[in-house]
Amino acid sequence: GGGGGGGGGGLRPSVVRGLVTEVCDGVYSFPLLDVAFCEKLVQHGEAFQRFAAENGVSDVVGAQKPLVLDTMKLKWLTDVLFKHVLQPLSLMLLPEQTEGEELDWRHAYIAGYESPPP
């Protein structure tokens, strides 16, 4: 639809501001993937690690933590998230750092963060 986000995949600043929380200076948190998807992603990572260990290729494919998503055949996912989420958000939320230019690289991995219990 219309509404000017100025390129950036149609993200409207007013909508983004309602979804994003700045947890500390320059660090933002926002809902993106649902729990079921994240669980499947973790299962895929665990299966990848087992496969690499069973076939003696852990060192070759980098199956240690953190797991690189591209190595796990998930480049398509990182490309989609980079182009349609991270590039537009970075232009909106970090204008001084991006200087109006899109990000030009990404490195996606699973590191295994947890939030503390409430």
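Partners of D25 under the side chain to side chain contact (heavy atoms under 4.5 Å, CB included) rule, at least two apart in sequence or in another chain, are E22. Annotation: side chain to side chain donor-acceptor pair (under 3.5 Å) contacts of D79 (sequence neighbours excluded): K75, R106.
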* Asked: Are L69 and L41 close enough, and set up right, to give a side-chain contact (heavy atoms from CB on, under 4.5 Å), and what steps lead you there?
  -> CA-CA 10 Å; L69 297 180; L41 187 59; 4.2 Å; yes
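Of all heavy-atom pairs between L74 and H44, the closest is CD1-CD2, 3.6 Å. L94 approaches Y28 most closely through the heavy-atom pair CD2-CE1, 3.8 Å.
Rounding to the nearest 0.5 Å places OG1 of T78 at 4.0 Å from CG of D70. Taking CD from E102 and OG from S90, the interatomic distance works out to 7.5 Å, rounded to the nearest 0.5 Å. Note that CG of D34 and NZ of K40 are 10.0 Å apart. Values are rounded to the nearest 0.5 Å.
Around CZ of F51, the count of heavy atoms belonging to other residues, nucleotides or ligands within 6.0 Å does not exceed 12.
Counting heavy atoms from C-beta outward, L77 and F37 have side chains that approach closer than 4.5 Å. In this structure, the side chains of V85 and F30 come closer than 4.5 Å at one or more pairs of heavy atoms.
Using a 4.5 Å cut-off between side-chain heavy atoms of Ile, Leu, Val, Met, Phe, Trp and Tyr, with links allowed through other members, M72 and W76 fall into the same hydrophobic cluster.
In the hydrophobic clustering, where aliphatic and aromatic side chains (Ile, Leu, Val, Met, Phe, Trp, Tyr) are joined below 4.5 Å either directly or transitively, V23 groups with V27.
Although no hydrogens or angles enter the test, the distance criterion places a donor-acceptor pair under 3.5 Å between the side chain of Q87 and the main chain of L103.
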